[in-house]
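In what follows, chains carry the letters A, B, and so on, assigned in the order in which the sequence lines appear, proteins first and then strands, with residues in each chain numbered from 1.
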Protein chains: 2
Amino acid sequence: MEILRSTKSHPTADWIYDQARKVLPSISLGTVYRNLAILKEDGQIMELSYGSTYSRYDGNPENHYHFVCLKCGRVEDVDIPVRGELEREVEKTGVGDVYYHRLEFYGLCAHCRSSRTDKPGGAGEDSR
Amino acid sequence: MEILRSTKSHPTADWIYDQARKVLPSISLGTVYRNLAILKEDGQIMELSYGSTYSRYDGNPENHYHFVCLKCGRVEDVDIPVRGELEREVEKTGVGDVYYHRLEFYGLCAHCRSSRTDKPGGAGEDSR
DNA sequence: CTTAAAATCAATAATAGTTATCAATCTAGT
DNA sequence: ACTAGATTGATAACTATTATTGATTTTAAG
């Protein structure tokens, strides 16, 4: 939990595992997953399942939006207000009861936009 | 592609595979995945990766929103207008260039809401 | 302090969706 | 018919995640 709160990035379970091992060298990946599941169950963190592959985790449990860079895979928080009114609008269509929503923007992050060259080591330090 | 267009549900690769076998009994799951990947690459279909497990596919390539039932897993289209202005609003924050966005609502679908009982066979016919 | 039950953990096996491989088959152009 | 290239079915490989297990640690009681 401290690890997840200490970063504003949105790390994968594997990255958290690496960080945790710096403090508890003998911790196992299973323990990381187990505790992430508990924290998620508890509503203290969010799981962002992104692509059909791995998930990223977010230490901020209140709803907010994300920007995903299509090039480097970085996930950043988006600083615009949450549109709660959309949930009521959806409920009016009769599809069901809306509990929450998730909004993600995809594009090219500022970092990748400026360094358009594919020079290695430039972008993608947090992708896999 | 015909199979995907013929349903308004948002099937999994496995379901598409089952349907395809009714027409081409010898088709393999690999071929389904391969062609789904090609169609996606081509922009003719959308992949909805939902949860960290399986993906669902959507034969409608134009952006629209989805409602996911937390109980039965059903995915339905949401009939509200697309908020293109959000993308411009996000770009103003300087996070990067926004190409598209994805918005999903989570809750209890009308079907599950009415039949609250957990009677088997009631809901979940399209879940796994 | 001792002991027994409960909880936690590390290590590892198992699961499942997806992707890659590859030989065989089909297709088009000549 | 002949060849080159693309497509397919079958199957193996891969990867993130989950479950299992056996051992160690913690807790609580006497």
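Between the OH atom of A:Y54 and the P atom of C:dT18 there is a distance of 16 Å, rounded to whole Å. In this entry the distance linking CD1 of B:I16 with P of C:dG17 reads 14 Å, nearest Å. When rounded to the nearest whole Å, the span between CG of B:L24 and P of D:dT7 equals 16 Å. At whole-Å resolution of the value, CH2 in A:W15 and P in D:dT17 are 15 Å apart. Between the CD1 atom of A:I38 and the C1' atom of D:dT17 there is a distance of 15 Å, rounded to whole Å. Taking atom CZ on B:R56 and atom C1' on C:dT18, their separation rounds to 16 Å, with Å as the unit. D:dT7 atom P lies 12 Å from atom CG of B:L39, rounded to whole Å. In this structure, A:E47 places its CD atom 7 Å from P of D:dT17, rounding to the nearest Å.
Here A:S28 does not reach the OP1 or OP2 of C:dC9: none of its side-chain N or O atoms lies under 4.0 Å away.
Applying a 4.0 Å cut-off to non-hydrogen atoms, the residues of residues 29-37 of chain A that approach DNA chain C are A:T31, A:R34, listed by residue number.
Among the nucleotides D:dT17, C:dA10, C:dT18, the one closest to any side-chain atom of B:S55 is C:dT18.
In this view, B:E62 and B:N60 satisfy the side chain to side chain contact (heavy atoms under 4.5 Å, CB included) rule, not counting sequence neighbours. Under the rule for a side-chain hydrogen bond (donor to acceptor under 3.5 Å, both in side chains), B:Y33 has no partner lying at least two apart in sequence or in another chain. Judged as a side chain to side chain contact (heavy atoms under 4.5 Å, CB included), and not counting sequence neighbours, the contacts of A:R21 are A:Y17, A:D18, A:I27. With sequence neighbours excluded, the residues that form a side chain to side chain contact (heavy atoms under 4.5 Å, CB included) with A:L70 are A:Y106, B:Y99, B:Y100. For A:N35, the side chain to side chain contact (heavy atoms under 4.5 Å, CB included) criterion is met by A:T31, A:I38, not counting sequence neighbours.
For the 3.5 Å distance criterion, the side chains of B:H66 and B:D58 qualify, holding a donor opposite an acceptor.
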